[in-house]
Amino acid sequence: MSRKSLLANRASLTHKIGYAVRHPARITPYVKRTARDTWLRLKHPDHVAYYRAVMASDAGRNPEAAVGSRSHDRWLALGEMQFDYLAGHGLAPGHRMLDIGCGNLRAGWRFIAHLDTGNYYGIDISPDILISAKQTLTTYELQDKLPHLTLTQDLKLDFLPSAHFDVVHAHSVFSHSPIGVIDECLAHVGRILAPGGFFDFTFDRTEGAEHQVLREDFYYRTETLLQLARGHGLQARFMEDWEKRPHGQSKIRVNHPE
């Protein structure tokens, strides 16, 4: 990710004009998306209800595109990248894993195959994408692994047991979340982490002004999220090795102080 990209304010008029000049074919899709999102925001002022409506709209057309994959090959590659990273960081079959924003199991099917039976727990705010997740589960014949797939309304995690999960994972969740949603998750994730467990999450990073685009894409400075986690008594560090992966987001890991 270039320094220029990290400083860009994608919500600014200057950036939008420059982007339109460089990518004229994307103007019409952007206008359509803006009109749709404006209408959905008027109908659903609450962010979770709004984003649930966005996912229903996107998943109805293409579930893989709804989770940010331009093609099936890209869907497979992004899932493999997530799995390889956590496997390289010690994810073992005996670990119990919570996948926040599991989507249609882009990475989840690989985690389910790797983990022991019953050790995968996926949650998402979108019922539409969870229906697609069940289809992915069937496609890869993983029914016998008995994964948990649960709809949720928030990230208080109050329906989950304390000190239970060795690995908690949220890929492309906080990149679509206002700061209050992130704070809610960080306030409660420590309770469900097992001793020695960790929580990895990705985010859209900026070194300039923090901003959002269409209430769908949120850009944060690293220190903002590090301080937020530390404010809840968690250790937090920026994962430099993730930056070497071909992905536009950055990653932070949090765990309990030693």
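Given the structure is predicted, the values throughout are model-derived calculations rather than measurements.
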- Task: May I ask whether I129 and L76 are part of the same hydrophobic cluster, defined by side-chain heavy atoms of I, L, V, M, F, W, Y residues being less than 4.5 angstrom apart, directly or through others?
- Result: yes
- Query: Should the pair E210-R205 be classified as a salt bridge under the 4.0 Å nitrogen-to-oxygen rule?
  - Reply: no
- Could you tell me the separation between the CG atom of L225 and the CZ atom of F174, rounded to the nearest 0.5 Å? 8.0 Å
- Query: Transitively linked via ILVMFWY side-chain contacts under 4.5 Å: I182 with L155?
  - Reply: yes
- Query: When clusters are formed by joining ILVMFWY residues with side-chain heavy atoms under 4.5 Å apart, either directly or through shared neighbours, do W242 and F199 land in the same one?
  - Reply: no
- Query: Judged by modelled atom types alone, do D183 and H232 share a side-chain donor-acceptor pair under 3.5 Å?
  - Reply: yes
- Between D241 and Y85, a side-chain donor and acceptor under 3.5 Å: yes
- Message: Please verify the inter-ring angle class for F111 with F83; under 30° counts as parallel, over 60° as perpendicular, anything in between as tilted.
- Response: tilted
- Query: Any side-chain heavy atom of L234 sitting closer than 4.5 Å to one from N255?
  - Reply: no
- Task: Please answer whether the main-chain N or O of G108 pairs with a side-chain N or O of H169 as donor and acceptor at a distance below 3.5 Å.
- Result: no
- Counting distance only, does the side-chain N/O of S57 pair as donor-acceptor with the main-chain N or O of A53 below 3.5 Å? no
- Item | Nearest-0.5 Å distance that lies between atom OG in S177 and atom CZ in F218 | 7.0 Å
- Query: If only atom types and distance count, is the side chain of D124 paired as donor or acceptor with the main-chain N or O of G103 below 3.5 Å?
  - Reply: yes
- Query: In terms of hydrophobic clusters joined by side-chain contacts under 4.5 Å, are F165 and F159 together?
  - Reply: yes
- Rounded to the nearest 0.5 Å, what's the gap from OH on Y50 to CD1 on I125? Could you check? 11.0 Å
- Main-chain N/O of P195 paired with H256 side-chain donor or acceptor, under 3.5 Å: no
- Item | Flag, side chain of N119 to backbone of H95, donor-acceptor distance under 3.5 Å | yes
- Item | Side-chain donor/acceptor of H211 to backbone N/O of A209, under 3.5 Å | yes
- E223 atom CD, neighbour heavy-atom count above 12 within 6.0 Å: yes
- Message: I'd like to know if R106 pairs up with E80 as an ion pair, taking the criterion as any Lys NZ or Arg NE/NH1/NH2 lying under 4.0 Å from an Asp or Glu carboxylate oxygen.
- Response: no
- Task: Would you check if the distance from the ring center of H171 to the ring center of H247 is below 6.0 Å?
- Result: yes
- Query: Does F198 have any ring-ring contact (aromatic ring centres under 6.0 Å, His included) partners at least two apart in sequence or in another chain, and if so, which?
  - Reply: none
- V173 and L186: same hydrophobic cluster, using ILVMFWY side-chain contacts below 4.5 Å? yes
- Check whether any side-chain N or O of R96 sits under 3.5 Å from a backbone N or O of G118 as a donor-acceptor pair, and report yes or no. no
- H188 side chain to E184 main-chain N or O, any donor-acceptor pair under 3.5 Å? yes
- In terms of ring plane angle, is the pair H148 and Y121 parallel, tilted or perpendicular, where the classes change at 30° and 60°? parallel
- Task: Run the numbers on R237 and I252 for side chain to side chain contact (heavy atoms under 4.5 Å, CB included), then give the verdict.
- Result: CA-CA 6 Å; R237 61 189 175 103; I252 285 174; over 6 Å; no
- Query: Taking the side chain from T136 and the backbone from S132, do they hold a donor-acceptor pair closer than 3.5 Å?
  - Reply: yes
- Query: How would you list, by chain and number, every residue that makes a side chain to side chain donor-acceptor pair (under 3.5 Å) with T202, sequence neighbours excluded?
  - Reply: Q249
- Tell me, please, which residues at least two apart from D154 pass salt bridge (charged side-chain N to carboxylate O under 4.0 Å, His left out). none
- Task: Mark yes or no for whether K145, through its side chain, and L115, through its backbone, hold a donor-acceptor pair below 3.5 Å.
- Result: yes
- Can you tell me how far CD1 of I123 sits from CG of L160, rounded to the nearest 0.5 angstrom? 6.5 Å
- Message: Looking only at the aromatic ring of each residue, does the gap between the centers of Y220 and F203 stay below 6.0 angstrom?
- Response: no
- Run the numbers on V254 and Q235 for side chain to side chain contact (heavy atoms under 4.5 Å, CB included), then give the verdict. CA-CA 5 Å; V254 301; Q235 288 184 337; over 6 Å; no
- Residues passing the side chain to side chain donor-acceptor pair (under 3.5 Å) test with R110, sequence neighbours excluded, are none
- Q212 side chain reached by D217 side chain, heavy atoms, under 4.5 Å: no
- Message: Is there a side chain to side chain contact (heavy atoms under 4.5 Å, CB included) between I100 and V168? Walk through the geometry before answering.
- Response: CA-CA 7 Å; I100 298 174; V168 180; 3.7 Å; yes
- Message: Pairing donors with acceptors under 3.5 angstrom, does anything connect the side chains of Y120 and D99?
- Response: yes
- Item | Heavy-atom check, side chain of L142 versus side chain of P147, under 4.5 Å | no
- Task: I would like to know whether S126 and R52 meet side-chain hydrogen bond (donor to acceptor under 3.5 Å, both in side chains); could you show each step before the answer?
- Result: CA-CA 5 Å; S126 169; R52 183 174 284 173; over 6 Å; no
- Pairing residues for W75 by the side chain to side chain donor-acceptor pair (under 3.5 Å) criterion, not counting sequence neighbours: N104
- Rounded to the nearest 0.5 angstrom, the OG-CZ distance for S250 and R221 is 14.0 Å
- Please assess I192 against L98 for the test side chain to side chain contact (heavy atoms under 4.5 Å, CB included), listing each intermediate value before the final yes or no. CA-CA 9 Å; I192 66 169; L98 173 65; 3.5 Å; yes
- For D144, side chain to side chain donor-acceptor pair (under 3.5 Å) partners two or more places apart: none
